[in-house]
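A short worksheet on the structure shown next.
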Amino acid sequence: MFTIRSVVLVIALLISGCAPIPTKSEPEAYAQALVQDAIRFYKREGLQAAIDRYSSSASVDGQWYVTMTDVASGTTIAHPDTSLIGADATAYVDITGYEFGKEAITVGEDGKWVSYVWENPESGKVERKYTWVVRYDGLIFGSGWYESVDESQ
């Protein structure tokens, strides 16, 4: 028979083994969690469901959204800015001339950070974007956050 003490102990052990869910105040961890969630969604629901989901404005939470790129063709296959769907992601260049698309396409399954200057859809301003990208199953999943660019530099 379980006592209240044993139930509390089991619950405490379960809770102590769980990783905390990152919040937007931890942008690096939050971006990585969004990408992992997108990969899990893709594995569970399939390619078309993932494309539909991440190409929808409903998937955008302020500055937070997920993009998907097909590695074989190098094209963007999911983005809430639907004008970018079908674009050659390897040709993406920011306003400083940095070819961040070529950098992002070289990512492996361990993931990496790519930083570039891009328009923040939430503010409408051109800002520094930090994007976590991961290659999985021939696709690149990415998400990140924006910070104001110091115009004095």
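All values reported here derive from a predicted model rather than from experimental measurement. In what follows, every heavy atom counts, from backbone to side chain, and hydrogens, waters and symmetry copies are set aside.
- Shortest non-hydrogen contact noted between V107 and R135 is O-NE, 2.8 Å.
- In this structure, V133 and A104 approach most closely via the heavy-atom pair CG2-O, 4.3 Å.
- Of all heavy-atom pairs spanning S143 and L34, the tightest one is OG-CD1, 3.4 Å.
- Residue K129 holds its NZ atom at 8.5 Å from CZ of F100, rounded to the nearest 0.5 Å.
- Under a hydrophobic-cluster definition in which Ile, Leu, Val, Met, Phe, Trp and Tyr are linked whenever side-chain heavy atoms come within less than 4.5 Å, directly or via other members, I105 and L84 are assigned to the same cluster.
- By the side chain to side chain donor-acceptor pair (under 3.5 Å) test, R53 pairs with no residue at all, sequence neighbours left out.
- Taking hydrophobic clusters as Ile, Leu, Val, Met, Phe, Trp and Tyr residues chained together by side-chain heavy-atom distances below 4.5 Å, I85 does not share a cluster with V60.
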Pairs of donor and acceptor atoms involving the side chains of residues 113-121, under 3.5 Å and at least two apart or interchain, shall be tabulated with distances.
| residue | atom | partner | partner atom | Å |
| --- | --- | --- | --- | --- |
| S115 | OG | R128 | NH1 | 3.3 |
| Y116 | OH | T131 | OG1 | 2.9 |
| N120 | OD1 | E122 | N | 2.7 |
| N120 | OD1 | S123 | N | 3.4 |
| N120 | ND2 | E127 | OE1 | 2.7 |

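- Residues satisfying the side chain to side chain contact (heavy atoms under 4.5 Å, CB included) test with D110, not counting sequence neighbours, are none.
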Requested in this report: Decide side chain to side chain contact (heavy atoms under 4.5 Å, CB included) for Y146 and K125; before the verdict, give the C-alpha distance in whole Å, the side-chain angles of both, and the deciding distance to 0.1 Å.
Outcome: CA-CA 10 Å; Y146 294 86; K125 296 178 181 177; over 6 Å; no

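- Separation of atoms OH (Y98) and OH (Y92) is listed at 15.0 Å; rounding is to 0.5 Å.
- Taking the side chain as every heavy atom from C-beta outward, E28 and Y130 never approach each other to under 4.5 Å.
- Cluster membership for I140 and W132, using ILVMFWY side-chain heavy atoms within less than 4.5 angstrom, is not shared.
- Residue pairs meeting the salt bridge (Lys or Arg N to Asp or Glu O under 4.0 Å) criterion with at least one member in residues 33-42, sequence neighbours excluded, are D37-R40.
- Qualifying salt bridge (charged side-chain N to carboxylate O under 4.0 Å, His left out) partners for E99, counting only residues two or more places apart in sequence or in other chains: K102.
- Identified under the salt bridge (Lys or Arg N to Asp or Glu O under 4.0 Å) test for residues 65-85, with sequence neighbours left out: none.
- Legend: residues meeting side chain to side chain donor-acceptor pair (under 3.5 Å) with T106, ordered by chain and number and at least two apart, are K112.
- Nearest heavy-atom pair, S56 versus P80, reported as atom, atom and distance to 0.1 Å: O-CB, 4.1 Å.
- I39 meets the side chain to side chain contact (heavy atoms under 4.5 Å, CB included) test with V35, Q36, K43, V134, Y136, F141; sequence neighbours excluded.
- Below 30°, between 30° and 60°, or above 60°: for F41 and Y54 the angle between ring planes is above 60°, a perpendicular geometry.
- Expressed to the nearest 0.5 Å, how far CD of E45 lies from CD1 of I51 amounts to 13.5 Å.
- A heavy-atom distance below 4.5 Å is found between the side chains of L139 and L47.
- Taking the side chain to side chain contact (heavy atoms under 4.5 Å, CB included) definition, one finds that S25 meets it with T23, sequence neighbours left out.
- Under the side chain to side chain donor-acceptor pair (under 3.5 Å) criterion, Q48 pairs with D52, sequence neighbours left out.
- Residues satisfying the side chain to side chain contact (heavy atoms under 4.5 Å, CB included) criterion with A33, sequence neighbours excluded, are P22.
- Closest approach of W64 and P27 over heavy atoms only: CH2-O, 3.7 Å.
- Considering every non-hydrogen atom in both A89 and T69, the closest pair reads CB-CG2, 3.8 Å.
- Taking the side chain to side chain donor-acceptor pair (under 3.5 Å) definition, one finds that Y30 meets it with nothing, sequence neighbours left out.
- Taking the side chain as every heavy atom from C-beta outward, K24 and D61 approach each other to under 4.5 Å.
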